[in-house]
Amino acid sequence: MPHHITNRKRSYRTSLPKDSFLWEGLNASAYIAGAAAFVIGSVFFLPAFEKYMAAGAGLFILGSLLYLAWISHSTSASTALRL
């Protein structure tokens with residue numbers, strides 16, 4: 001599922017909170033950190049990195065939790081702004 005991350009002006013019918021830009025930056029950062037942890041954790045499951053398998057499992061779970069936090073925040077923000 002591809003996503004396009006950008007900080008652009010929104011055209012909502014309601015006014016956005018002043019800290020919207022901060023939340024968009026944190027949202028994008030969580031998405032990137034989750035992707036990096038997920039990919040690095042997946043690589044550690046390859047046979048060449050067998051000695052790092054426990055760290056790979058931790059990174060894989062951390063990446064999954066960051067994705068969960070990201071999608072939860074995105075869903076709650078979009079349903080709150082639905083008119």
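The model shown is predicted, which means the values in this text are computed figures rather than measured ones. Residues take their numbers from the sequence shown, with the count starting at 1.
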Measure the CG-CD1 distance between Leu62 and Ile40 for me, rounded to the nearest 0.5 Å. 10.5 Å
Just wondering, are more than 12 heavy atoms of other shown residues or ligands nearer than 6.0 Å to OH in Tyr67? yes
Mind checking the CG-CD1 spacing from Asn27 to Ile32? Nearest 0.5 Å is all I need. 10.5 Å
In terms of hydrophobic clustering (I, L, V, M, F, W, Y; side-chain heavy atoms under 4.5 Å; direct or indirect links), are Leu68 and Leu66 co-clustered? no
Trace of the side chain to side chain contact (heavy atoms under 4.5 Å, CB included) decision for Phe49 with Val43: CA-CA 8 Å; Phe49 300 103; Val43 168; 3.7 Å; yes
When rounded to the nearest 0.5 angstrom, what is the spacing between CD1 in Ile71 and OH in Tyr31? 9.0 Å
Rounded distance (nearest 0.5 Å) linking atom OG1 of Thr75 with atom CH2 of Trp70: 8.5 Å
Any side-chain heavy atom of Leu59 within less than 4.5 Å of one from Phe38? no
One should read off an interatomic distance between Met53 CE and Phe45 CZ, to the nearest 0.5 angstrom, of 6.5 Å
